[in-house]
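Working notes, structure below.
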2 protein chains.
Amino acid sequence: MSSDSKLSGDKATVHKVTVHEVAKYAGVSISSVSRALSDHPHVSNALRTRVRSAALSLGYRPDFLAHSLRSGTTYSVGFVVGTISNPIMADISASLGNVLADHDYAMMLLSSQNKPELETTYLRFLAHRQVSGLVISTAADGATQAAELIHGLGIPTVMLDRQRPPGSHVSAVQSDHRSGMQAAVAHLLSRGHRRIALIGGQEFFDPARERLAGFHTAMQEADIAIDPELVRCMGMSKTVGYTETRSLLASSNPPTALIAGGNLILAGVLQALQELKVAVGRDLALVGCDDTELTRLYSPPITVIARDLALMGETTAWLLLETIANRAGRTVVLPTQLIIRDSSS
Amino acid sequence: MSSDSKLSGDKATVHKVTVHEVAKYAGVSISSVSRALSDHPHVSNALRTRVRSAALSLGYRPDFLAHSLRSGTTYSVGFVVGTISNPIMADISASLGNVLADHDYAMMLLSSQNKPELETTYLRFLAHRQVSGLVISTAADGATQAAELIHGLGIPTVMLDRQRPPGSHVSAVQSDHRSGMQAAVAHLLSRGHRRIALIGGQEFFDPARERLAGFHTAMQEADIAIDPELVRCMGMSKTVGYTETRSLLASSNPPTALIAGGNLILAGVLQALQELKVAVGRDLALVGCDDTELTRLYSPPITVIARDLALMGETTAWLLLETIANRAGRTVVLPTQLIIRDSSS
DNA sequence: GAAAATCCAGGAATCGTTTCCAGAATTGAA
DNA sequence: TTCAATTCTGGAAACGATTCCTGGATTTTC
């Protein structure tokens with residue numbers, strides 16, 4: 001079955017087996033072949049088995065493109081991501097792609113580089129290819145623009161780590177950043193810290209807003225006034241992490257603990273701390289978001305607000321398949337978990 | 001042009017504009033429309049402009065699936081990768097995908113989890129979808145198996161960081177691991193190290209073999225005998241890095257410098273060193289392979305044999321497009337560069 | 001000025017399926 | 001036994017493009 005035809009590799013004259021040949025071989029009509037193979041009702045057992053065996057012995061597989069054209073379903077989904085170089089997205093993408101492949105879906109990956117205009121370009125690109133579904137973690141600023149486009153396209157979609165926009169064909173997978181942040185703050189408070197700084201994304205960005213809310217709640221619950229100087233919600237980037245860390249530590253009354261509200265921010269924070277010769281864990285307690293190779297292997301290992309990224313990818317896949325089938329969008333919120341390591345002791 | 005039809009999102013009754021409508025609108029035949037739009041010769045200027053403007057004002061775009069079916073080209077390429085969670089692959093994938101998208105190609109990403117059987121499954125999966133091209137970094141053990149399959153499929157392919165197997169439709173992008181390793185060894189020797197250990201992959205794995213060769217060459221050139229106890233080519237995994245590091249450092253005559261021949265290995269090495277309380281850079285000089293966030297941010301920053309991963313992705317894309325066009329496979333070797341940091345001073 | 005060459009546009013076949021429609025065969029009920 | 005209901009099957013029309021083939025309109029050439 002595998003290497004029946006000359007595997008020349010240069011001529012590649014495999015003579016595709018078509019439904020026509022199967023029909024002739026089995027002595028039936030084309031339409032009967034199609035029906036027999038796709039489990040239609042009203043097909044006699046005799047005919048079904050005859051066609052089945054004919055197809056098998058000829059090695060027939062329906063042409064993918066012809067099938068797509070006729071049926072209108074491409075069995076492929078588009079994944080628009082800020083950048084796959086972000087280890088979070090890489091982990092999610094891995095499990096997402098695997099579950100999809102298990103269901104015979106192909107995943108087309110496109111990196112928008114967090115540029116809203118590239119995002120819409122790619123969404124149209126994917127729409128033109130008639131993908132059966134979309135997964136997207138929209139850029140921080142182009143959120144409404146993308147949401148409108150997705151709404152207009154009418155393609156079943158899962159928003160990744162974003163709020164669910166209106167539209168019955170769009171779902172969302174979110175993380176419980178708020179609780180995670182509350183746990184992190186509570187942990188630092190229990191270690192005696194009172195001056196806790198937070199570097200995060202801007203408030204219009206869903207995950208950043210949730211984290212900030214959790215921060216406020218936890219501090220209020222402990223009855224501790226927040227020094228506004230210590231809260232720096234400027235953007236989800238390495239640059240922000242770097243700049244704000246230097247600024248915070250240069251102050252006359254620096255924080256004793258720092259929470260980096262995003263893995264990109266953490267990278268900037270670490271670089272700044274290294275340059276300033278600040279010993280992580282001794283001079284400054286540090287908590288990051290999302291568990292990566294870096295946080296696990298760093299010396300000392302870094303406490304993080306983690307989430308199960310593989311689970312997140314799988315959930316996204318399942319939710320997308322569900323939304324494709326039902327066209328009834330919904331939101332799924334996954335838990336976060338505080339992993340305490342040496343950086344905050 | 002953008003939002004002309006009701007963007008209900010729930011009904012999505014966009015009434016596709018077909019070549020038929022354009023023909024009727026322009027008052028010409030269907031075949032003329034197709035020719036006028038695809039720049040065929042033998043089409044009068046008058047007709048061309050008429051059709052063009054008709055298509056424009058109707059907002060016509062050729063149906064992707066119909067085009068694919070008829071022409072046989074899908075404008076999509078498959079990328080089979082061990083795991084996208086490997087930051088190297090993530091970086092390569094990002095630029096690869098972007099260049100491909102610039103040329104209207106979609107990239108289908110599949111993670112084989114380094115299992116040869118999944119690899120072949122995915123290759124067949126992609127072949128069934130009639131991808132125009134393939135990019136693959138085969139698993140260490142299933143190399144020949146995959147090479148044979150690729151040869152048989154006859155699909156233009158670029159092997160990533162692997163040797164080019166025979167077949168006029170297959171190319172390869174490689175890195176000059178050998179020179180990189182020579183430079184690393186020379187660097188350590190110049191720092192006074194004589195007992196240099198190497199943990200790497202098995203010899204049947206192309207990059208590992210090249211690195212080992214570079215290691216031998218550099219030591220021979222310096223006229224230093226290699227202690228076979230210090231060379232551990234056991235596999236490209238975190239586990240190997242961890243186990244071999246512990247074994248090396250438990251020896252009665254431990255190395256003063258260690259080269260981790262792969263980024264996964266490095267992860268294991270770092271974990272072992274952390275557990276053993278060995279200070280990187282002071283107690284043991286350390287050199288890794290491939291520059292990642294981890295090596296840049298680690299404290300102290302880690303010396304690495306680096307390569308331009310973005311360039312590698314772009315080169316892969318260009319080479320694939322070339323191979324699709326020419327069907328004349330060739331090999332491109334990209335340089336490596338030693339980046340000296342505090343871990344080896 | 002006529003024959004040959006060339007340019008242009010339309011009709012129809014094709015790519016390989018799925019599905020509608022209608023007719024034949026079978027079954028069931030009266 | 002007959003008529004209606006049902007089950008099954010084949011022919012042909014989609015899906016939406018590209019391309020071959022052919023004939024008419026131009027142009028070239030002697």
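Below, each value reflects all heavy atoms present in this structure, side chains not excepted, and no hydrogens, waters or symmetry copies. Residue numbering restarts at 1 for every chain, and letters A, B, ... go by the order of the sequence lines.
Between dG10(D) and Ser32(A), a contact under 4.0 Å exists linking OP1 or OP2 to a side-chain N or O. Side-chain N/O atoms of His67(B) include one lying less than 4.0 angstrom from OP1 or OP2 on dT18(D).
Defined by atom type and a distance below 3.5 Å, a donor-acceptor pair is present between the side-chain atoms of Ser171(B) and Thr323(B).
Among the protein residues, Arg48(B) comes within range of no part of the nucleic acid, since none of its heavy atoms lies under 4.0 Å from any strand. Backbone-only contact: Ser44(B) has heavy atoms under 4.0 Å from sugar-phosphate atoms and none from a base. Using a 4.0 Å heavy-atom cutoff across all strands shown, His40(B) reaches sugar-phosphate atoms only and no base atom. Using a 4.0 Å heavy-atom distance criterion, Thr18(B) is classed as a sugar-phosphate-only contact. Phe64(B) comes within 4.0 angstrom of no nucleic acid atom, judged by non-hydrogen atoms across all strands. Among the protein residues, Leu47(B) comes within range of the sugar-phosphate backbone only, with heavy atoms under 4.0 Å from sugar or phosphate atoms but none that close to a base.
The residues Glu322(B) and Arg330(B) are annotated as salt-bridged, a charged nitrogen and a carboxylate oxygen being separated by less than 4.0 angstrom.
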Test side-chain hydrogen bond (donor to acceptor under 3.5 Å, both in side chains) applied to Asp161(B) and Ser137(B), step by step: CA-CA 7 Å; Asp161(B) 209 10; Ser137(B) 68; over 6 Å; no

Ser31(A)/Ser34(A) under side-chain hydrogen bond (donor to acceptor under 3.5 Å, both in side chains): CA gap, chis, key distance, verdict: CA-CA 5 Å; Ser31(A) 42; Ser34(A) 176; over 6 Å; no

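Checking His42(B) against Ala66(B), the closest nucleotide of DNA chain C that is more toward the 5' end is the one next to His42(B).
Contact of Arg61(B) with dG16(D) (side chain to base): no donor-acceptor pair of N or O atoms is detected under 3.5 Å.
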